[in-house]
Amino acid sequence: MAVGMMALSGLKHVRGLMSKGQTVLLAPTRLCHSGLVSEPCLTPPVCSAAVRSFDEIPGNWKSSVGNLYRFWKTDGFKNLHHIMVENFNTFGPIYREKVGYYESVNIILPEDGAILFKAEGRHPKRLKVEAWTAYRDYRNRKYGVLLKSGEDWRVNRVILNKEVISPKVLGNFVPLLDEVGQDFVARVFKNINNNSSGRWTADLSHELFRFALEAVSHVLYGERLGLLQDHINPDSQEFINSITLMFKSTVPMLYIPPNLLRRLGAKVWNDHVAAWDAIFNHADKCIQNIYRTLRHSPLLEERYPGVLTSLLLQDKLSIEEIKASVTELMAGGVDTTSITLLWTLYELAKNQELQEKLRDEVQTAWTATKGDMIQMIRSVPLINGTIKETLRLYPVAVSVQRYIANDIVIQNYNIPAGTLVQFGLYAMGRNGSIFPKPEKYNPYRWLRGENHYFKSLGFGFGPRQCLGRRIAETEMQIFLIHILRNFRIEKQRYVDVKSTFELILIPEKPILLTLRPL
Ligand code: HC9
C-alpha cells in the first residue's frame with residue numbers, strides 16, 4: 001500500500017537515506033530558489049521504506065501564537081503568498097503550519113495535487129471563511145452554494161451546474177456578454193475622442209470593475225444595469241466598493257474568530273457587516289425587480305432570460321436558495337474577472353510582440369468565422385492560453401484547499417483524514433522546476449504538447465471548482481477579443497507591479513495603461 005502511494009507521489013523525486021538502525025528514512029524533494037533539487041530514486045528496497053508519520057512533516061506548526069505574532073510583524077497578512085513561497089523554499093514541497101486557530105499541510109507539486117484531489121470525497125470541503133458564514137448567521141440569511149456543505153451542497157450544486165457551468169450554456173451567455181463587450185469598446189472610443197491626444201490613459205481598474213459587474217449582471221438577470229454610461233447609479237458604485245471592502249475586511253478574520261471580534265465591537269467586523277449589507281441590498285433589488293416582472297408578465301421572448309429567471313422557472317430550488325447563490329455569483333464575479341483582465345492588459349502592454357501575435361490570431365479567426373462569437377471562442381487557443389498564463393502568475397486565490405476525506409500519503413508522509421491540505425497555487429506558478437523560466441509571461445506554454453497535468457488550477461478542481469468559471473472565462477475571452485481588435489495597449493514606462501493579498505490577490509498599486517485606436 002505504502003509503495004503504491006509513493007509511486008503516485010513521484011518516485012523520481014524521493015531521496016533515500018539510511019539511518020543508523022538500518023531503518024530507512026526518505027527525505028522529501030527539496031526546493032530551492034532555482035526550483036526543485038531532485039535526485040534519482042535509489043534501489044527499490046530503499047524505496048519501499050516505511051512511510052513517515054504526520055508529526056515528522058517539517059514546518060513551524062508547534063507554536064500557533066508565535067506564528068500569528070510573526071505574521072503580524074512581517075506584514076504577513078498582505079504577503080501571505082510570498083510567505084508561502086519562502087516556506088516551500090525552506091521546508092521543501094510539503095510543510096505543516098499553524099497560524100492562529102487554523103492548522104494545515106501545504107503542498108506545491110502537481111502530482112501531489114493529484115493525490116489531494118483524489119481524496120476530496122463526495123462532499124469536497126474547502127477552508128471555511130468564518131467571516132462570511134458569521135455574517136449570514138448574524139443577519140439570518142441563507143447560505144448559497146459557496147458556503148453550503150454536505151448533501152445540501154451537492155443537491156444545490158448539481159442543479160446550478162446545469163444552468164451555469166455545463167458546456168451547453170455557453171451559447172446562452174455569449175450574446176449577453178458580447179453586447180457588453182461591444183459597449184465597452186464604444187465607451188473607450190468615446191473617452192479617446194474626448195481627448196486631443198487621440199488616445200486614452202487611465203487606471204483602468206474602475207472601468208474594468210464596471211465592465212465586470214455589467215457583464216455578470218446581464219448573464220444573471222438578463223438585464224442591463226447601465227454601468228457603461230456616463231452617469232451610473234450610485235448604488236452600483238457602492239456595490240463595487242463594498243465588494244473590495246468585504247474581501248479586505250475578511251483577512252484578519254481568517255485568523256481571529258469573527259464572533260469574538262463582533263463581541264469586542266471591532267472595526268473590521270463592523271466594516272465587514274456594512275460591506276455585506278450593501279452587497280445584499282443591491283443584489284436583493286436586482287432580484288426583486290426580475291421576480292416582480294416575471295409574476296406580472298410571463299415570458300414571451302425566445303431569447304435567453306438570464307440565470308435567475310431560468311432557475312425560477314425550473315422550480316427545482318426554493319426562491320431563497322436561488323437568491324442566495326445568485327447573490328454569491330454576483331459578488332464573486334466582479335473583482336475576480338476585472339483584476340485578471342487588468343493583469344492581462346498590463347502584461348500585453350509590456351510585450352508588444354506577443355500582443356501582435358494575439359491580434360493576428362483574433363483577426364484570422366474573425367475572418368474565418370465572420371465574427372460569430374461562439375465559433376470565435378473555439379478558434380483562439382492563444383487567447384485561452386493568455387488567460388491561463390495570467391492566472392499562473394497572478395492567481396485570484398493563493399491556494400486551493402480541501403479537508404481530505406480519507407488518509408493519504410504525500411512525499412512519503414502520512415496525512416490523516418480530516419486534515420486541511422492547501423495546494424499553493426501562487427507558489428507553484430512561480431516555481432522554476434514546475435514552469436521553466438517562471439518569470440516570463442508566455443501563453444505559448446499552454447499550447448505546445450506539454451504536460452499540463454494538475455498545473456492549471458486557477459478555478460480550482462473537480463465538483464467544488466469555481467461555479468462561475470464558465471461565465472468568467474467567456475467574459476474574459478470576449479473582452480480580450482474586442483479590445484485586441486480595436487486598440488493597441490501601451491504602458492508609460494517600466495514599472496514592476498507586485499500583488500498583495502486582500503483575501504484575493506490584487507495589484508499593490510494602480511496600473512496606468514494607454515489605449516490607442518489601431
Ligand atoms: C484565501 O488562506 C486564502 O469568487 C486563505 C484560503 C482561502 C479560502 C477560500 C478562498 C480564498 C482563500 C480566496 C478567495 C476565494 C475563497 C473561496 C471563494 C473565493 C477563492 C484562497 C472566490 C474569490 C469567490 C468569492 C465569492 C464570494 C464573494 C461570494
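Each ligand, and each atom within it, is numbered from 1 in the order the structure gives.
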Sequence neighbours left out, cut at 3.5 Å: what donor-acceptor pairs do the side chains of residues 236-243 make with other protein atoms?
residue, atom, partner, partner atom, Å
Ser236, OG, His282, NE2, 3.1
Gln237, NE2, Asn241, OD1, 3.1
Asn241, ND2, Gln237, O, 3.4
Ser242, OG, Glu238, O, 2.7

Can you name the residues that form a salt bridge (Lys or Arg N to Asp or Glu O under 4.0 Å) with Arg141, not counting sequence neighbours?
Asp284
Under 6.0 Å between ring centres, would you say that holds for Phe423 and Phe461?
no
Verify the ring-centre separation between Phe184 and Phe479: is it less than 6.0 angstrom?
yes
By salt bridge (Lys or Arg N to Asp or Glu O under 4.0 Å), Arg96 pairs with (sequence neighbours left out) Asp55, Glu103
Taking atom types as modelled, find out whether Gln477 and Asn384 have a side-chain donor-acceptor pair closer than 3.5 angstrom.
yes
Measure from every N or O atom of ligand 1 to the protein's N or O atoms and keep only the pairs below 3.5 Å, writing each with atom names and distance to 0.1 Å.
residue, atom, partner, partner atom, Å
ligand 1, 2 (O), Tyr102, OH, 3.2

